[in-house]
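Values below: every heavy atom of this structure, side chains too, minus hydrogens, waters and symmetry copies.
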Amino acid sequence: MLNVRSALLNKKPTATTVTRLTCLAAIMLSSTGIAQAANGLSIESWRSDDANIWSDVIIPAFNKSHPDTKVNFAPTPPTEYNSALQAKLKAGSAGDLITCRPFDTALDLYKDGHLAKLNDLEGLKQFSDVAKSAWVTDDGKDQFCMPVASVLHGFVYNKEIFEELNLSIPKTRDEFFSTLETIKTESRYIPLAMGTADQWEAATMGFQNIGPNYWKGEKGRKALLTGEEKLTDKAYVDTWKELAKWKPYLGRGFEAQKYSDSQNLFTLGRAAIYPAGSWDIQTFNNQADFEFGAFPPPVAKAGDTCYISDHTDMGIGINANSTNKEAAKVFLNWMASKEFATLYANAVPGFFPLSNHQIDIKDPVAQEFMSWRQQCESTIRNSYQILSRGTPNLENQLWNVSAQVINGTMTPEEAAKETQDGLEQWYKPQQ
């Protein structure tokens, strides 16, 4: 560690130098964790915020039924995780269990021989095909990570403002825009707290939030993969048309408004509705001094099937070079249990277990989000599986065009054409 510190003190580091030093430090620091887990298991993760939850809640619960298996949770900060993990895997010092990001990042680890095949893992029977889709090979034959948690999309609203203005939760699109208009014309509040400066909000909490109701969830997502549907089809153009209608209801100067600004507007009570990811629940619990609730993306008309983005966010796999594979399988099978699902859902509200177990969630807003799984059809973000591995990257394109549509600098039809043209440049089923 002295050499790493000296290098940083004696020379202004470049970005490349910092990355290399970060990885080196991670390897050196991880050796302690590996040594501690010599007779047990060590877990690699980017969820450093959850370290106390694992040490104080999850691991003790596991040890009640498996007292002889020592488990060490050894997280790396999120922004450093990918590079540090790669360095440790190459050095042979990575932990027994690897927390997996969804789709291509984890798939590359499997292709490179770093993740073990999990096809025979008994616990996988507790997960749906949609839940498993983020950690399976393109041909669907090999599972390399077990699903752990997802995040859901919808809208969070300030209950006090709704009560003050005598508003009901909107269930249809017409009701949604009527609610926004009432807030705009009859109060001092901003109807929708969202900006376009960071771009990803426009796609993640905008396009991917309301879109599944247009392209019919998994049906439409899979049709893009096969080439049966195109981004220039009516479902996608109509999604952008609805986003364009949000502009009059966003705050003044929303074009320069960042994600943290949007959160602040809502938690300070200045905005009535927040297009949300369920991961925001913890932030709002800590910062808002008012009661808030949530509702799913409104449908076209009452009685229509609703579709929600229930996006696979985190999985966990076994290091192919682990000497503790059998113990790792035991731990993963326990993580597939109702006991783990209940513990995790309540310890980290807004991150939802992907197993099929019916569980009791104590946080009322997380409970509301979770209830939509029983009411609506679940899907995942349509740009994540396969469609963003080429150039141009569809996910990044969606960020840009969705922000421009909301800003009014691009039409929905132009957004559709640009993304479709980009996909056709490299993805054969769309050519």
Side-chain angles (χ1 to χ4, degrees), residues 30 33-34 37 40-51 53-55 57-59 61-63 66 69-76 78 81-82 84-86 88-89 94-128 130-137 142-151 311-345 347-348 351-357 380:
S30 70
I34 297 297
L41 299 169
S42 180
I43 304 173
E44 302 285 354
S45 175
W46 69 85
R47 292 291 302 168
S48 50
D49 289 349
D50 299 346
I53 292 167
W54 279 87
S55 63
V57 179
I58 295 173
I59 293 173
F62 172 74
N63 284 146
H66 302 82
T69 303
K70 188 174 182 179
V71 181
N72 177 49
F73 183 73
T76 303
Y81 179 70
N82 288 10
L85 176 61
Q86 284 282 358
K88 287 191 277 188
L89 287 168
D96 305 284
L97 291 158
I98 308 295
T99 303
C100 305
R101 296 193 188 276
F103 298 105
D104 286 357
T105 302
L107 179 59
D108 287 344
L109 291 178
Y110 177 70
K111 288 180 176 178
D112 290 341
H114 295 309
L115 291 172
K117 188 186 301 185
L118 299 181
N119 293 2
D120 61 347
L121 189 72
E122 182 69 20
L124 285 173
K125 294 178 181 178
Q126 303 298 332
F127 301 89
S128 70
V130 174
K132 293 186 287 189
S133 65
W135 301 284
V136 69
T137 51
D142 293 334
Q143 194 79 36
F144 47 86
C145 296
M146 189 183 79
V148 176
S150 71
V151 289
H311 190 67
T312 44
D313 187 66
M314 182 170 67
I316 190 163
I318 298 175
N319 184 343
N321 292 318
S322 170
T323 57
N324 299 316
K325 287 189 178 68
E326 290 307 311
K329 287 182 179 180
V330 170
F331 188 75
L332 288 189
N333 283 326
W334 178 79
M335 286 186 69
S337 70
K338 183 175 182 178
E339 180 184 10
F340 172 80
T342 302
L343 285 172
Y344 192 79
V348 193
F351 288 83
F352 301 98
L354 282 162
S355 58
N356 296 323
H357 301 295
I380 59 177

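In this structure, the side chain of Thr137 engages the main chain of Asp142 through a donor-acceptor pair within 3.5 Å. In this structure, the side chain of Asn63 engages the main chain of Thr69 through a donor-acceptor pair within 3.5 Å. Between the side chain of Gln126 and the backbone N or O of Ser355, no donor-acceptor pair lies under 3.5 Å. A distance-only check finds no donor-acceptor pair linking the side chain of Gln143 to the backbone of Lys117 [under 3.5 Å].
When all heavy atoms of Leu354 and Ser150 are compared, the pair lying nearest together is CD2-CB, 3.4 Å. What you find for Met335 and Phe340 is that their closest heavy atoms are O-CD2, 3.0 Å. Between Ala61 and Leu343, the shortest heavy-atom contact is CB-CD1, 3.4 Å. For Ser42 against Ala74, the heavy-atom pair with the smallest separation is OG-CB, 4.2 Å. The minimum heavy-atom distance between Ala320 and Gly113, with the atom names listed, is CB-O, 3.2 Å. The nearest pair of heavy atoms linking Trp135 to Ala106 is CD1-CB, 3.8 Å.
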In sequence, state the C-alpha distance, the side-chain angles, and the governing distance for Thr312 and Phe103, and then conclude on side-chain contact (heavy atoms from CB on, under 4.5 Å).
CA-CA 9 Å; Thr312 44; Phe103 298 105; 3.8 Å; yes
Start with the C-alpha gap between Asn356 and Ser128, add the side-chain angles, then the distance that decides, and say whether side-chain contact (heavy atoms from CB on, under 4.5 Å) holds.
CA-CA 7 Å; Asn356 296 323; Ser128 70; 4.3 Å; yes
Using the rule given for side-chain contact (heavy atoms from CB on, under 4.5 Å), can you reason through Arg101 versus Asp313, listing the C-alpha separation, both sets of side-chain angles and the distance that settles it, and then say yes or no?
CA-CA 7 Å; Arg101 296 193 188 276; Asp313 187 66; over 6 Å; no
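A heavy-atom distance below 4.5 Å is not found between the side chains of Leu97 and Glu44. With contacts defined as side-chain heavy-atom distances shorter than 4.5 Å, the pair Ile318/Leu118 qualifies. Between Pro147 and Leu124 there is a side-chain heavy-atom pair separated by less than 4.5 Å. Pro75 has its side chain out of reach of Asp50: every pair of non-hydrogen atoms, C-beta onward, lies at least 4.5 Å apart. Side-chain contact between Met314 and Trp46 is present, with at least one heavy-atom pair separated by less than 4.5 Å. Contact of the Val151 side chain with the Phe352 side chain is not registered, since no non-hydrogen atoms from C-beta on lie closer than 4.5 Å.
One finds the CG atom of Leu41 at 5.5 Å from the CG atom of Asn324 (value rounded to the nearest 0.5 Å). Atom-to-atom distance recorded for His357:NE2 and Ser337:OG is 6.0 Å, nearest 0.5 angstrom. With rounding to the nearest 0.5 Å, the separation of CG in Leu115 from CG in Asn321 is 10.5 Å. Rounded to the nearest 0.5 angstrom, Asp112 CG and Leu109 CG are separated by 7.0 Å. To the nearest 0.5 angstrom, Met146 atom CE is 5.0 Å from Leu332 atom CG. From Ile43, atom CD1 reaches atom CD1 of Ile58 across 8.5 Å, with rounding to the nearest 0.5 Å.
Using a 4.0 Å cut-off between charged side-chain N and carboxylate O, Asp120 and Lys329 make a salt bridge.
At a cut-off of 3.5 Å, with distance as the only test, no side-chain donor of Asn319 or Asp96 sits close to an acceptor on the other residue. Side chain to side chain, Glu339 and Trp334 meet the donor-acceptor criterion of an N or O pair below 3.5 Å.
In terms of the side-chain hydrogen bond (donor to acceptor under 3.5 Å, both in side chains) criterion, residue partners of Glu122 (sequence neighbours excluded) are, by chain and number, Lys125. Contacts of Thr99 classified as side-chain hydrogen bond (donor to acceptor under 3.5 Å, both in side chains), with partners at least two apart in sequence or in another chain: none. Considering only residues two or more places apart in sequence or on other chains, Tyr110 meets the ring-ring contact (aromatic ring centres under 6.0 Å, His included) condition with Phe144.
The ring of Phe62 has its center closer than 6.0 angstrom to the ring center of Phe331.
Annotation: cation-pi pair Arg47/Phe73 absent, no NZ/CZ under 6.0 Å from the ring centroid and within 45° of its normal.
Environment of NZ in Lys338: sparse, with no more than 12 heavy atoms of neighbouring residues, nucleotides or ligands closer than 6.0 Å.
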